[in-house]
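Have a look at the structure below, then the notes.
Letters A, B, ... are given to chains in the order of the sequence lines, protein chains preceding strands, and every chain is numbered from 1. Because the structure is predicted, anything quoted here is derived from the model rather than measured.
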2 protein chains.
Amino acid sequence: MNWDEKEMLKLDNQLCFALYACSKEIIALYKPYLNSQGLTYTQYITLLVLWEEDGLNISELGNKLLLDSGTLTPLLKKLEKSQLVERVRDRDDERVVKVFLTDKGKMLQETFSDLPQKMFCNTGIRVEEAIKLKAMLNQLLGNIQKL
Amino acid sequence: MNWDEKEMLKLDNQLCFALYACSKEIIALYKPYLNSQGLTYTQYITLLVLWEEDGLNISELGNKLLLDSGTLTPLLKKLEKSQLVERVRDRDDERVVKVFLTDKGKMLQETFSDLPQKMFCNTGIRVEEAIKLKAMLNQLLGNIQKL
DNA sequence: CCATTGTGTATTGTGTACAATTAAATTGTA
DNA sequence: TACAATTTAATTGTACACAATACACAATGG
């Protein structure tokens with residue numbers, strides 16, 4: 001093993017760990033806001049999607065969130081139990097479960113309307129930096145998906 | 001809710017989701033390499049730390065990996081079961097458990113010596129881009145930790 | 001010396017996350 | 001119309017991830 005290889009095996013030199021750590025820490029910053037409404041981060045981003053487009057089925061949600069049915073099925077049942085969504089099996093195709101926001105679920109959007117701005121302040125990052133960073137992440141994600 | 005607020009509640013406009021998605025997808029790229037050696041990503045980065053500095057205790061590992069004992073205790077017991085590490089309770093302070101690599105665990109480093117390079121190629125990102133991205137992530141992480 | 005405070009690990013409970021499998025329903029095709 | 005292939009969710013099993021708690025031990029201050 002040469003010097004370069006040894007250097008690159010150090011945790012601090014790994015891009016993946018920086019991503020992994022950043023992701024976890026930022027999600028942790030969301031927690032106080034979300035937990036106060038009885039939500040987790042994954043449940044929150046599921047609602048984000050439904051606020052944009054209601055009545056998606058589970059695989060459509062999974063495509064947008066990059067999550068599979070093993071994650072979404074129990075999560076959506078919890079959201080249903082707290083009466084934020086309704087799961088309705090499609091009459092025309094009984095395999096399909098469509099997910100609809102309840103009135104309570106729709107109203108919750110207002111509660112979180114200022115959360116993105118709040119979170120942005122918490123990170124202490126400049127606007128142009130954030131835009132640049134997101135662009136780089138999206139490009140990276142695009143590269144990976146193509147494989 | 002004004003237009004800006006509504007825009008920022010869209011999934012695709014959220015930096016946090018870009019981080020979360022990127023992190024998961026890159027870790028997924030690691031899986032074939034790691035699973036072939038019976039390892040998960042979290043176990044791999046734990047070994048990365050130990051290859052740099054052997055004999056750390058659990059809280060020291062947790063500080064470097066940003067993980068708590070609830071995650072590390074069962075993980076280290078699995079690594080011990082597969083004979084890659086040894087958990088030794090400190091004689092002087094019975095609260096402390098120190099973690100040492102076995103010979104088998106030390107030798108595994110060679111097996112992964114070219115993995116960072118391989119992974120880098122898989123992402124299809126340019127060197128300067130990767131460096132820039134990692135710098136931005138580390139700065140963001142620094143900002144958060146200070147809160 | 002001893003009560004208090006702090007530290008280090010383990011345990012329990014909840015909630016993802018994903019691979020693999022199953023099961024039901026639909027679709028394509030001979 | 002049979003029936004194979006595909007699609008869609010749900011289920012099962014393994015592995016994090018973290019909050020909350022418990023517990024043992026250590027350090028410290030009066």
Exercise. Taking atom P of C:dT14 as reference, at what distance in whole Å does atom NZ of A:K31 sit?
Worked result: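 One finds 16 Å between P of C:dT14 and NZ of A:K31, rounded.
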For this session: Write down the distance between OH (B:Y41) and C1' (C:dA17), rounded to a whole number of angstrom.
Result: 16 Å
Problem set entry | Side chain of B:V97 (C-beta onward), nearest among D:dA26, C:dA10, D:dA15 | C:dA10
Problem set entry | Base of D:dT7 paired with side chain of A:R95 (donor-acceptor, under 3.5 Å) |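 Yes.
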For this session: Classify the side chain of B:S69 versus the base of C:dA10 as yes if they form a donor-acceptor pair under 3.5 Å and no if they do not.
Result: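 Checked by distance alone, the answer is yes.
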Contact class for [X] (heavy atom, under 4.0 Å): base, sugar-phosphate, or nothing?
X     : value
B:T71 : base
A:D68 : base
B:K98 : nothing
B:L61 : nothing
B:L72 : nothing

Using OP1 and OP2 only, check whether a side-chain N or O of [X] sits under 4.0 Å from [N].
X     : N      : value
B:Y20 : C:dT16 : no
B:T40 : D:dA15 : no
A:T73 : D:dT11 : no

Exercise. Charged N to carboxylate O under 4.0 angstrom, A:D12 versus A:K10?
Worked result: no
Exercise. Would you call A:R87 and A:E80 a salt bridge, taking side-chain N to carboxylate O under 4.0 Å as the test?
Worked result: yes
Problem set entry | Distance-only polar pair, side chains of B:K134 and B:N138, donor-acceptor under 3.5 Å |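 B:N138 and B:K134 do have a side-chain donor-acceptor pair below 3.5 Å.
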For this session: Return the 5'-most residue of the pair B:I27, A:V96 with respect to DNA chain D, ranking by each residue's nearest nucleotide.
Result: A:V96
Exercise. Considering only heavy atoms from C-beta outward, does the side chain of B:Q145 approach that of B:L66 to under 4.5 Å?
Worked result: yes
